[in-house]
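Worth knowing before you read on, the calculation uses all heavy atoms, side chains too, and leaves out hydrogens, waters and symmetry mates. Lettering follows sequence order; numbering is per chain, from 1.
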Protein chains: 2
Amino acid sequence: MPNQSYHLDKIFHALADPTRRSVMERLCRGPASVGELARPFDMALPSFLQHLKVLEQSGLLRSHKVGRVRTCQMEPQALEMTERWLVEQRTLWERRLDRLDDYLIDLINKEKEQ
Amino acid sequence: MPNQSYHLDKIFHALADPTRRSVMERLCRGPASVGELARPFDMALPSFLQHLKVLEQSGLLRSHKVGRVRTCQMEPQALEMTERWLVEQRTLWERRLDRLDDYLIDLINKEKEQ
DNA sequence: GCTATAGTTAGCCGTATGCCTAACCAATCC
DNA sequence: GGATTGGTTAGGCATACGGCTAACTATAGC
């Protein structure tokens, strides 16, 4: 059931690991092969591959294989969705603070009237 | 070692669960007690408490106890940090696309000159 | 065709996660 | 002060996660 929430689960989970975030940061600078991506990390290739799989299943990364080399690239749309959620939460919160503000101002004004 | 990256680990991990995101969504509408937060979920209280602990350790949630009731509220600053990371990634990506654009335009212009 | 290169699959292992129940404080309420 | 309410701790259990090695497949290069 790939609904919205499930998708966010995957994306946030994917980003909750420094190796995977690092890969995404690298991919911002352009596509790269698996080996190229793996090089900076002190980790066996199969372990690293699993990280790539997590990223790919979250939709943050796309890849295609040509010959024997698989090239990966970022899928920025997935980031956008996540960003939207975060911004929405913060906005709701701020709106609430505004309402609280209004409420308090109202209260103070009523105090004055008495 | 609570460095920047470690912090992001915690926050993204905290948000990678629908129950915890739901709690945050609720908290956008204002503070609430543990019991109040737990009510919508079909889950034993101790299980739910663990989710709250994860949120609190990530810095997304603050709480204080008065008498026997613990009140929780959102800490929007933690969200901001996460948002910054996401926006930065996307921005870098877009900047890259722009550079690629420039490069291609350049290439086309040189083609024309020949 | 043989060898080196780039990735992949299978399977193991310890720790973390997410759920539960049962038992336990500690304020309130009557 | 005894019962109720709101939350907490302890401990158990199944599954997921993140790492590893070893063995394998498939392309590229000579």
Letter by letter from the 5' end, nucleotides 14-22 of chain C scores (B base, S sugar-phosphate only, - none; protein heavy atoms under 4.0 Å) ---SSBBBB
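Smallest separation of non-hydrogen atoms from A:Leu27 and A:Ala32: CD2-N, 4.1 Å. Nearest heavy atoms, B:Ala16 versus B:Arg21: C-NH1, 4.0 Å. Contact between B:Trp93 and A:Gln73 at its shortest, heavy atoms only, is CH2-OE1, 4.1 Å. Nearest heavy atom pair, residue B:Leu52 against residue B:Cys72, reads CD1-SG, 4.3 Å. Residue B:Pro31 comes nearest to B:Thr71 through the heavy atom pair CB-CG2, 3.9 Å, listed as atom of the first residue, atom of the second, then distance. Of all heavy-atom pairs spanning A:Ile11 and A:Ser58, the tightest one is CG1-O, 3.5 Å.
Contacts between chain A and DNA chain D, taken as any atom within less than 4.0 angstrom of a protein heavy atom, begin and end at D:dC17 to D:dA28.
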Set out, line by line, the N/O atom pairs under 3.5 Å between protein and nucleotides 28-30 of chain C.
none

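B:Asp17 meets the salt bridge (charged side-chain N to carboxylate O under 4.0 Å, His left out) test with no other residue; sequence neighbours excluded.
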Go through the steps for A:Thr91 and A:Glu88 under the test side-chain contact (heavy atoms from CB on, under 4.5 Å), then give the verdict. CA-CA 5 Å; A:Thr91 306; A:Glu88 187 174 325; 5.6 Å; no
Under 3.5 Å, side-chain donor or acceptor atoms of residues 77-86 of chain A against the rest of the protein: list the pairs with distances, not counting sequence neighbours.
{"from": "A:Thr82", "atom 1": "OG1", "to": "A:Ala78", "atom 2": "O", "distance (Å)": "3.0"}
{"from": "A:Glu83", "atom 1": "OE1", "to": "B:Arg90", "atom 2": "NE", "distance (Å)": "2.6"}
{"from": "A:Glu83", "atom 1": "OE1", "to": "B:Arg90", "atom 2": "NH2", "distance (Å)": "3.1"}
{"from": "A:Glu83", "atom 1": "OE2", "to": "B:Arg90", "atom 2": "NH2", "distance (Å)": "2.6"}
{"from": "A:Trp85", "atom 1": "NE1", "to": "B:Glu25", "atom 2": "OE2", "distance (Å)": "2.9"}

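Listed by first then second residue, pairs satisfying side chain to side chain donor-acceptor pair (under 3.5 Å) with a partner in residues 38-52 of chain A read A:Arg20-A:His51, not counting sequence neighbours.
In this structure, A:Arg39 places its CZ atom 12 Å from C1' of C:dT5, rounding to the nearest Å. For the pair A:Lys53 NZ and C:dT8 P, the interatomic distance rounds to 9 Å; values are reported in whole Å.
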